[in-house]
Participant: 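One structure, as structure tokens, below. Some questions next.
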Amino acid sequence: MVVETRSTAPLVCIAPAKINLYLRVVARRPDGFHELETVMAGLRDVYDTLTIEAIPSGELELRIEQACPPRLDGQTLPASGDNLVLKAARRLREVSADGTLPCGVRITLIKRVPAAAGLGGGSSDAATTLLALNHFWKLGQSQETLLAMAAQLGSDVPFFLANSPWVLCTGRGEILTPAASQQQLWLVVARPRTGLSTPAVFRACTPEPEAASAEVFLKAAENPQTSLMARALHNSLQQPAESLNPEIAALRRALDHEHVHVHQMTGSGSAYFAICSTRRHACQVAARLRAQGLAWVQVSTTRI
Ligand code: C5P
């Protein structure tokens with residue numbers, strides 16, 4: 001989301017996190033990926049910030065400031081060429097004109113979204129970089145071109161370019177269908193101290209070709225009663241993630257004692273969310289989780 005639009009002034013952008021309300025691994029694919037059906041929802045109160053400013057050197061520069069608590073393992077990100085923000089910027093430069101930069105830029109990334117969490121932090125940063133630099137450099141690349149670049153950067157990246165708060169994502173996650181049902185939910189989102197590697201969780205999963213489809217979830221979500229939708233939540237990756245990281249099962253057991261609508265892991269973990277009735281309810285649950293020593297706990301609504 002672009003906040004400041006004067007192209008000579010620094011451009012400040014919000015890169016929101018996501019949760020997977022529903023995620024079914026349908027099948028393994030010959031290319032090493034998995035066929036998915038997932039419904040993703042953006043979060044309003046969990047986000048990174050990117051600031052883009054012109055620099056005279058003509059180079060692409062990335063600075064990362066960690067705003068996440070140091071108690072989270074795997075949180076330190078390199079500002080090297082492997083970083084998805086730099087990959088996105090280079091990809092945009094390659095497809096634009098003759099590959100020369102309209103001007104050099106320094107991107108300052110303030111990381112608030114925990115890494116290795118299934119919250120899509122890196123993917124959202126990459127998508128936001130595509131949008132922001134397309135605007136900053138006045139490149140005029142179409143949404144279609146940006147979506148194609150996003151899909152090359154990662155399976156979750158296209159979701160963050162969709163102008164819809166809830167999206168059904170299929171294929172390996174890059175085929176987007178905006179969802180009609182978009183309830184605003186009060187959530188507690190938490191990540192244990194240790195994260196999880198996405199490839200490791202996918203390797204440990206068992207595809208569920210016969211399980212209830214995303215259509216069943218989306219139908220349930222059309223009803224304004226959150227409790228009906230809550231019964232249809234699902235994540236095929238939760239069981240394998242729990243087998244790899246015991247902190248997730250501990251979080252599940254802690255939330256079993258709370259009167260929340262439902263709780264579930266997001267994406268390939270290790271972050272977890274609970275759907276609460278009100279903001280007050282979410283704040284109370286969050287306070288109890290923090291008191292149990294959870295490494296990172298945040299209250300958020302979904303975007304509308
Ligand atoms: O697409 P992305 O680079 O984010 O995927 C990271 C890893 O997650 C892949 O290398 C693959 O191991 C796994 N993955 C998968 N099936 C998907 C998406 C991701 O197996 N649909």
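Just so you know, residue 1 is the first one in the sequence shown, and it goes up from there. Side-chain atoms are counted along with the backbone in the values below, which use heavy atoms only and exclude waters and symmetry mates. We count ligands from 1, going down the list as the structure has it; atoms in each ligand are counted the same way.
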Participant: Determine, using heavy atoms of Gly32 and all atoms of ligand 1, whether some pair is separated by less than 4.0 Å.
Facilitator: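 Flag set, Gly32 near ligand 1.
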
Participant: Which atoms of ligand 1 sit under 4.0 Å from any heavy atom of His34?
Facilitator: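 By the 4.0 Å cutoff, the relevant atoms are 15 (C), 16 (N), 17 (C), 20 (O), 21 (N).
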
Participant: Provide the closest heavy-atom pair for Cys169 versus Gly173 in the form atom of the first, atom of the second, distance.
Facilitator: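 So the two residues come closest at CB-O, 3.3 Å.
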
Participant: So which of Leu237, Leu23, Asn20 actually passes side-chain contact (heavy atoms from CB on, under 4.5 Å) with Met265?
Facilitator: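 When side-chain contact (heavy atoms from CB on, under 4.5 Å) is applied between Met265 and each of Leu237, Leu23, Asn20, only Leu237 qualifies.
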
Participant: Tell me the protein heavy atom at minimum distance from atom 7 (C) of ligand 1, and give that distance in Å.
Facilitator: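 Atom 7 (C) of ligand 1 sits closest to the protein heavy atom Pro199 CG, 4.0 Å.
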
Participant: By number and element, which atoms of ligand 1 are closer than 4.0 Å to a non-hydrogen atom of Gly154?
Facilitator: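 Listed by number with element: 1 (O).
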
Participant: May I ask you to decide if the ring planes of Trp166 and Phe217 are parallel, tilted or perpendicular, using 30° and 60° as cut-offs?
Facilitator: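 The arrangement is parallel - the two ring planes meet at less than 30°.
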
Participant: Among Arg191, Arg252, Gln238, exactly one meets side chain to side chain donor-acceptor pair (under 3.5 Å) together with Tyr272. Which residue is that?
Facilitator: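 When Arg191, Arg252, Gln238 are each tested with Tyr272, the side chain to side chain donor-acceptor pair (under 3.5 Å) holds only for Gln238.
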
Participant: Can you sort out which atoms of ligand 1 are near Thr198, meaning under 4.0 Å from one of its heavy atoms?
Facilitator: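 Selected atoms, number and element: 8 (O).
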
Participant: With a 3.5 Å distance limit and no angle check, can you tell me whether Asp45 reaches the backbone of Thr301 through a side-chain donor-acceptor pair?
Facilitator: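 Yes, because the side chain of Asp45 sits within donor-acceptor range (under 3.5 Å) of the backbone of Thr301.
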
Participant: For ligand 1, is there an N or O atom under 3.5 Å from any N or O atom of Arg172?
Facilitator: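 Indeed, backbone or side chain, Arg172 has an N or O that close.
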
Participant: May I ask you to check whether Ser155 has an N/O atom sitting below 3.5 Å from an N/O atom of ligand 1?
Facilitator: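 Yes: some nitrogen or oxygen of Ser155 is under 3.5 Å from one in ligand 1.
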
Participant: To which protein heavy atom is atom 13 (C) of ligand 1 closest, and what is the distance rounded to 0.1 Å?
Facilitator: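 Minimum-distance protein heavy atom for atom 13 (C) of ligand 1 reads Phe202 CD1, 3.5 Å.
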
Participant: Please state whether Leu36 comes within less than 4.0 angstrom of ligand 1, counting heavy atoms only.
Facilitator: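 Contact present.
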
